[in-house]
Structure formats: structure tokens, C-alpha cells
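Report on the following structure.
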Amino acid sequence: MRYQSPHGITGQSFRPPRMGSKGAVVANHTLAAQAGIRTLHRGGNAVDAAISVAFALGVAEPSGSSIGGDGFVMTYMKDKKSIEVANGTGAAPALATAERYSDGIPLTGILGASVPGILDALLATHERHGLLLLSVCVEPAIELCEDGVPVSHQQAASSMQCSLLREAPTSAEVFAPNGEWLKPGELRRNLNLAKTYRTIAEQGRDAFYEGDIAREIGRFSEECGGLLRYEDMKNHQVKWQEPISTTYRGRTVYEAPPNSSGHVLLQELNLFETFDSVGLGYLTADAVHVMTECKKLAFADREAYTADPDFVDVPVEGMINKEYATQRAKLIDFEHALTDEDAREGDPWAYMDRSPDHSKKYRRKGMIHSPNGSKVAHDAFAAIGAAGSDTTHFCVVDRWGNAVGELQSIQMGYGSGLIAGNTGVLLNNRMTYWHLDPDHIDYLRPGQRVRHTMNPVMVTNAPIEDGGNLELVCGTPGADTQVQTNFQVVTGIFDHGLTVAEAIEGPRWTHYQGRTSSTYPHPEANHLDVEDRLDDGVIESLRARGHEVNAIAPFAGAGSEGAIQIHRESGTMSAASDPRRDGDSAVW
């Protein structure tokens, strides 16, 4: 690598990991991380702190999340030897049919809003595992709403990419008071959101899903021509799920199951493990090439098989089967990059001890050959999503060894761009992930959950049921880039002994493949972005193998990874956040 760094030991790091012994929080905003540490200081556990961080991010980093969005909450309770996932993704509204979107799904505005699910997942997790009163956990976020949050340079720039934040009266009140965009350093307040937070803290989840807040969201949506209704809010329920897992270099890696894309990371690791992953070296041309090829094969399976498991029988067991990975890895050639036609889906059903469940209501009709669709629409999506933080991730570990890893999102940066009436709640635009090709596995149907890119990660030194202890919790925003960034961080730490800071701050690569993109219409882009901190020889070697490489600026890579590593013997914590966004870590 061409750059030296002040805190690099094995790799590059421009900041040291922050180390603590009683608690650690990593979030995409420093005030949110501090809110979590404040709750740990008050005697809360990781779940209590997660509530504080999640609510605080809704006001401190509104580009990435809101209680008007969705996500996944993964919780590790050490004494109970358990890892569980609260699926907080919302369904498509009852009125949301493909025919209703015959002209396409708008990228911003009320027609993009689906049912907000993350709040239910958060509160259900707190009810099950929290120690402190909900009102205590939400208090720091209420203060941020009322006192105001200084607008960062990134947020000042990204907000201007979403014109509705200034054009819609309810949104402009927060983001562009007096008709002018807030500038870096100015305070952004959301007094209506403070009232909503207080109501939830006092009355619980029903206030949001069945009470006046739900009615106001439904009224606002209908008045604006949207499809989300009070009945959709009332019918939502959190879904508890068991995590899925694989082993990697003697450790167990846990992920969220479908409708999350978590299986993709597990497939990438299984495929990569069939090679000499250590011998390939760190960020060598051989390593980046093989990892990119693993990504292509895993994404091909996701495109063909993954959707809402309540409606589609997803062959998860086969996709994460080790023998299946060994067979699929034979497609990888060290000298030549896989083409679109070569990197097709495999047959994971052949590696399962059961047949497809034909009682599932919907199944794939045939091979997936979705059209590229409108490049103009995709370019607009990319411009808004790249400028704003399209999702947020945070993680917490407490003094007892419990942990939470959470992804929460409003889809693109600032979601729909609309604050719902007098609630202060910024609504998502999650509908933009639905496919409108009836032959696609993830075809839009009312009441189904869309396929998600969000995937919280936990790594233990042995299976939980065998007494394994947590070694790493990590994750990142970034849509389809998430599982790729997590892939690099996990292998960097466990193959090459990098610190969490080195694994996060090191040069990053990201592969984009239009055919397997979550965005619809599919983009035409098919290229490999590599931060130019890598040597020219690495980049040229990748090009010689057939990769269309874009050498991008240092730290311009996708994602905003956050991670906490737990020392196996002492139990101390090393935390690190990504300099590519406004992330920060706090320890105790």
C-alpha cells in the first residue's frame, strides 16, 4: 500500500481503536454514541443503550434512519447463551400493488413509504431484555430534539440532494427553516419529534402503531396521495427470528436470516475459505480478485432465491452449505474474472435434506433475467443515495458482555423526504426496493416484506449453544455494498490479525453488478471500485484479469463500518468507526 499511517501496526490506521473495560458504543454520529454511553453509566445494559442510540440517531443522523423506517436488531445475551434477531422490517401497504406503480416507483415522495417496522423491534427487544425504564433510555434523544443538533458538513451537503426537505412544509420546518438550508454548525431542532418520543416513552409501542401517531401518519399519507394507511400500521407485528450461521477459521459467524441478505456474507466466507485465504495475502491482487468472484456467485444466488420467507421458500440451508460452496468455488479462475453469464445462480436445493415447500404461496417462475430498465432513474437514485447516508448501523457491548448490533434505515438518504404531519417522523421510501417484473422472486405484493440488504454481524469463538463467547460485533450501511464491506472487515481481522481500526480504515474495494442490484430498475453499471491507496500494480493486475476497475479517491469507498472486538481473555473492548462518514465510538 502506498500510504503510511500513524496508528497502523499490520495495516493502515489513522486513529487508534478506542479501548474500554465496562462498555463500548459505535454509531454514525458522535452524539448518538455518547447517548449510549450515558445510558450504560446509568446502569443500563446493551439493550437499554441501544434504545438510546437508536432514538438519538433519528434526530442526530436523519439522513440514515428514523422510527419511520425499518431494520434488524440482533441481540446477544451472554448469561442466556442466546443470539436472536428482531426483524423490524415493514410490509408493503395493502394498497401497494404492482399495477398501482405502472409508471414505476417514485424515488422520493409519499408513494415510496412502506410500513415502519423498526420501532416495534426496538421496543420488543427492550421489553424482553432491558433493565431501565423506557423513558430513561429515550431521554437523551428528547434532549437532542429540543436543544438541537449541530449540522455536520456531510449532512449540510447531503440534505440539499433531497429537494422535498425544503419544499414540503412539514419537512422544511426542520431542515430548511425560513426557506433556507441549514448550514454546517447551525442547530437543527425537531420539537414535534420530541413530543412523539415522549408519547412513546410513556405509552409504549401501541401509541405509534395503534394510537394517535398511527392515525396522523395514515391521515398524512392519504392526504398526500400515498398508500400507507392507519390499518397498515395497526396490522404490523415484529417478527422474532433465529440467526443463521457458518464457521470461518474456527469461529462461528452469525447473521440475520431472510428477508435479510445476511446469507450472502456467509456464502462469501464459505467460498473464500475453500482457498488459502491467509496465503493470498491482505489486499493483494489475488485476494481482491478471489473475494470479488466470491461476491458475484453469492449475489447471483440472492437474486434468484431470496425474498420474504413467509411467502417464498428460500433455500437458506443449501446456500450456506459448505459442500455447495466447494462446488461453486470451482467456477473461480485465478486469471479471468467471471462474466455476467458465468456468474449465474447455482442449485442449493441439491445440498439440502428437504424439498421445496410447495405450500408457500409464491415461488419463482423461471430464470431471472430482469431488464435493466431506466438508467436515468437509477442515476437519480444513486445521486441521492450516495450523497446521503442511506442507512445507519450501530453496535453496543456492556460490562456484562451482552451486545446489540443494529441496522436501521429509511432506504435512500432522508427516505421519502417527508415528515408525517405533526409527528416529526421522517418517513421511509422502502418501496423503491420492490421489483415490478412478475417473474422476479422479489415481485411486489401487498403485505409482503421486501428483500433487504441490511445484515448485522456477530462472531463468536464457538457456537453459542456450546458456550461460545462473543469476539466481534460489526456492520455498516451501504445497500448492496454492506455484505462486501463486512466480508473485508471479518477476513481482515481473523485472517490477517488487523485491529478493528485497521480493518475499517484500510483501502476498500466494492463490486457493482447491475443484474444483481437491489435497486429497480436495475442499473447498467458493472465495475469494481478500488481506493487508490492500493498500489498501481494491484489495480493493473485486476484489470488484466478482466475487471473493469475504477481507481477512486482515498476513503471514497462505500460503507461506514462500525465494530467492537472483545478480547478473549480479559473481556476488554476495542471499538472503531469509519472515517468515511460522521461515525464515532465511545468507551467506558
Side-chain angles (χ1 to χ4, degrees), residues 1-20 24-28 33 248-249 251 253 265 268-269 272 277-288 290-291 393-395 397 405 457-459 461 470-478 481-510 529-535 538-539 552-570 572-587:
M1 290 179 285
R2 68 177 76 215
Y3 295 101
Q4 298 300 313
S5 58
H7 295 284
I9 301 170
T10 302
Q12 289 186 2
S13 176
F14 297 85
R15 302 177 297 182
R18 293 189 177 179
M19 296 186 180
V25 181
V26 178
N28 262 337
Y248 186 75
R249 294 186 58 77
R251 293 169 172 86
V253 183
L265 173 63
E268 291 171 334
L269 292 170
F272 195 47
S277 55
V278 176
L280 288 174
Y282 174 58
L283 289 176
T284 64
D286 284 347
V288 176
V290 172
M291 293 176 80
H393 163 266
F394 68 86
C395 48
V397 179
V457 184
M458 290 188 179
V459 182
N461 62 357
L470 187 68
E471 288 196 356
L472 180 72
V473 52
C474 67
T476 178
T481 74
Q482 288 185 29
V483 285
Q484 301 182 63
T485 301
N486 290 331
F487 186 19
Q488 294 167 69
V489 169
V490 170
T491 56
I493 290 171
F494 295 114
D495 284 344
H496 304 292
L498 302 183
T499 68
V500 285
E502 290 173 324
I504 289 171
E505 296 187 26
R508 189 166 295 165
W509 59 264
T510 308
D529 282 356
V530 179
E531 291 184 359
D532 68 4
R533 287 184 284 159
L534 287 180
D535 296 333
V538 172
I539 293 172
I552 60 176
F555 295 101
S560 181
E561 185 83 18
I564 302 171
Q565 188 171 15
I566 299 90
H567 192 277
R568 184 178 293 190
E569 284 77 31
S570 67
T572 57
M573 307 151 202
S574 296
S577 60
D578 204 319
R580 293 169 180 85
R581 289 192 188 169
D582 288 337
D584 201 1
S585 53
V587 296

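Since this is a predicted model, take the numbers as computed values, not measurements. In what follows, every heavy atom counts, from backbone to side chain, and hydrogens, waters and symmetry copies are set aside.
- When every heavy atom of Ala501 is checked against every heavy atom of Pro16, the shortest pair comes out as CB-C, 4.3 Å.
- No side-chain heavy atom of Glu505 sits under 4.5 Å from any side-chain heavy atom of Ser5.
- The nearest pair of heavy atoms linking Ala553 to Asp532 is C-OD1, 4.0 Å.
- Atoms OG and NE2, on Ser277 and His496 in that order, are 7.0 Å from each other to the nearest 0.5 Å.
- No side-chain heavy atom of Phe14 sits under 4.5 Å from any side-chain heavy atom of Pro579.
- The side chain to side chain contact (heavy atoms under 4.5 Å, CB included) test with Trp509 is passed by exactly one of Val530, Ile552, Thr481, Val538: Val530.
- When all heavy atoms are compared, the tightest approach of Ile493 to Ala503 is CG1-CB, 3.7 Å.
- The SG atom of Cys474 lies 8.0 Å from the CD1 atom of Ile504; values are rounded to the nearest 0.5 Å.
- When all heavy atoms of Arg533 and Phe555 are compared, the pair lying nearest together is NH1-CZ, 3.4 Å.
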Practice problem: Apply side chain to side chain contact (heavy atoms under 4.5 Å, CB included) to Phe394 and Val25, showing your working. | Solution: CA-CA 7 Å; Phe394 68 86; Val25 181; 5.6 Å; no

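- The pair Arg18-Asp584 counts as a salt bridge, with a side-chain nitrogen and a carboxylate oxygen less than 4.0 angstrom apart.
- Contact annotation: the side chain of Leu269 approaches that of Phe487 to within less than 4.5 Å [non-hydrogen atoms, C-beta and beyond].
- With hydrogens and angles ignored, the 3.5 Å screen pairs no side-chain donor or acceptor of Arg580 with any backbone N or O of Ala558.
- The shortest side-chain heavy-atom distance between Val288 and Leu283 falls under the 4.5 Å cut-off.
- Remark: Met291 CE to Gln484 CD distance equals 9.5 Å, nearest 0.5 Å.
- Ser574 is listed as a side-chain neighbour of Met19, based on a closest heavy-atom distance under 4.5 Å.
- Counting heavy atoms from C-beta on, the side chains of His393 and Pro477 come closer than 4.5 Å.
- With rounding to the nearest 0.5 Å, the separation of CG in Leu472 from CD1 in Ile564 is 9.0 Å.
- Here the side chains of Arg249 and Asp495 are in contact, with some heavy-atom distance below 4.5 Å.
- The minimum heavy-atom distance linking Asn28 with Ser560 is given by the pair OD1-OG, 2.7 Å.
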Quiz item: Where do Tyr282 and Thr10 land on the side chain to side chain contact (heavy atoms under 4.5 Å, CB included) test, with the steps shown first?
Solution: CA-CA 10 Å; Tyr282 174 58; Thr10 302; 5.9 Å; no

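- Qualifying salt bridge (charged side-chain N to carboxylate O under 4.0 Å, His left out) partners for Glu561, counting only residues two or more places apart in sequence or in other chains: none.
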Quiz item: Going through the distances and angles, do Glu471 and Arg568 end up as a side chain to side chain contact (heavy atoms under 4.5 Å, CB included)?
Solution: CA-CA 7 Å; Glu471 288 196 356; Arg568 184 178 293 190; 2.4 Å; yes

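- Separating the CG atom in Leu470 from the CD atom in Gln565 is a distance of 10.0 Å, to the nearest 0.5 Å.
- Exactly one residue among Thr491, Val459, Leu265 makes a side chain to side chain contact (heavy atoms under 4.5 Å, CB included) with Tyr248. That residue is Thr491.
- Minimum heavy-atom separation, Ser585 to Ser577: N-OG, 3.9 Å.
- A distance-only check finds no donor-acceptor pair linking the side chain of Gln12 to the backbone of Pro507 [under 3.5 Å].
- Summarising the geometry, atom CZ belonging to Arg508 is positioned 6.0 Å from atom OG1 belonging to Thr476; distances are rounded to the nearest 0.5 Å.
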